[in-house]
Amino acid sequence: MQAFRLANFLRTVRPASTLRRSFHSSPSFFINVGDAIPDVEVQEGSPGNKLSIANEIKGKGLIIGVPAAFSPACSGSHIPGYIKHKSKLPQSVFVVSVNDAFVMKAWAESIPEAKETGIRFVADPSGKFTEALDLLFDGRAIFGGPRGKRYALLVEDGKVSKMFVEPDNTGVKVSAAENVLVF
């Protein structure tokens with residue numbers, strides 16, 4: 001009976017895609033090069049200001065996924081790396097995190113240089129956008145709940161043209177600006 005309760009608890013806390021992935025030696029990704037960006041609402045600035053990144057990116061764009069706003073790696077190197085290379089940024093750039101809209105707004109305001117670049121900070125409070133990408137991971141040990149992997153997706157005409165996903169979920173190597181903005 002206790003094992004049954006634990007299994008039901010884990011199902012409510014961990015999305016099915018995370019459970020499915022845990023049985024594979026290497027993770028499979030829902031989103032692949034050539035796939036369309038999912039049309040799922042996120043929030044910008046407040047819970048009432050909803051948008052779809054899929055509808056916002058026209059031409060070339062960049063989606064940067066981070067596990068947590070205000071975390072040392074996100075604030076200290078990952079996002080500042082993109083700001084440093086602002087001349088190479090496409091017209092539409094979104095930073096997405098499984099956080100609430102108020103946290104993302106405060107984080108954006110704490111990085112004044114980000115506003116100059118046009119980078120938009122959006123919240124995925126329920127994790128639905130991140131789950132649609134199949135880039136959600138169990139972050140309970142560090143962040144208290146499900147979070148998005150650290151990644152960067154280059155987008156062209158609404159489809160992923162290149163993917164940069166951190167294999168350990170939170171590192172800043174594969175998805176660093178120096179690796180992503182090489183073109």
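What you are looking at is a predicted structure, and each value in this text was computed from that prediction instead of being measured.
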Has Ser97 got a side-chain atom pairing as donor or acceptor with Val66's backbone, closer than 3.5 angstrom? yes
Would the distance check show the side chain of Asp100 and the main-chain N or O of Met104 forming a donor-acceptor pair, the cut-off being under 3.5 Å?
no
Between Glu56 and Arg120, is there a side-chain N and carboxylate O pair less than 4.0 Å apart? yes
When every non-hydrogen atom of Gly45 is compared with those of Lys105, the smallest separation belongs to O-CD, 3.4 Å
Residues 112-134 vs ring pair (Phe, Tyr, Trp, His ring centres under 6.0 Å), sequence neighbours excluded, gives Trp107-Phe121
4.5 Å side-chain heavy-atom contact, Asn99 and Arg147:
yes
Between Glu166 and Ser175, is any side-chain donor less than 3.5 angstrom from a side-chain acceptor? yes
Checklist entry - Quick one: are Asp157 and Lys159 in side-chain contact, heavy atoms under 4.5 Å? => result no
(request) Would you check if the side chain of Ser71 reaches a backbone N or O of Ala68 as a donor-acceptor pair within less than 3.5 Å? (result) yes
Q: Could you please spell out the steps behind the side-chain contact (heavy atoms from CB on, under 4.5 Å) verdict for Tyr82 and Leu181?
A: CA-CA 8 Å; Tyr82 286 95; Leu181 299 175; 3.8 Å; yes
#### Entry: Any donor-acceptor N/O pair, Lys128 side chain to Pro125 backbone, under 3.5 Å
no
query = Under a 4.5 Å cut-off applied to non-hydrogen side-chain atoms, are Ile31 and Met163 in contact?
reply = yes
### Message
Membership question, hydrophobic clusters at under 4.5 Å side-chain separation (ILVMFWY): are Phe102 and Val96 in the same one?
### Response
no
Close side-chain approach of Thr117 and Leu89, heavy atoms under 4.5 Å: yes
Margin query: For the CD atom on Gln91, are there more than 12 heavy atoms of other groups (residues, nucleotides or ligands in this structure) within a distance under 6.0 Å?
Written below: no
Any side-chain to backbone donor/acceptor pair from Thr130 onto Leu135? Under 3.5 Å, distance only. no
- Going by heavy atoms in the side chains, are Asn32 and Val160 under 4.5 Å from each other? no
Interatomic distance, CD@Glu113 vs NZ@Lys84, rounded to 0.5 Å, equals 13.5 Å
query = Is the backbone N or O of Lys149 less than 3.5 Å from a side-chain atom of Asn169, with the two atoms forming a donor-acceptor pair by type?
reply = no
Between Gly65 and His78 the two heavy atoms that sit nearest each other are O-CE1, 3.9 Å
Could you check if a side-chain atom of Phe94 sits within less than 4.5 angstrom of a side-chain atom of Ile119, using non-hydrogen atoms only?
-> no
Taking C-beta and beyond as the side chain, do Val174 and Asn179 meet within less than 4.5 Å on heavy atoms? no
pair Ile64-Val180: side-chain heavy atoms closer than 4.5 Å: no
Is there a continuous path of hydrophobic side-chain contacts, each under 4.5 Å between heavy atoms, that joins Leu62 to Val172? no
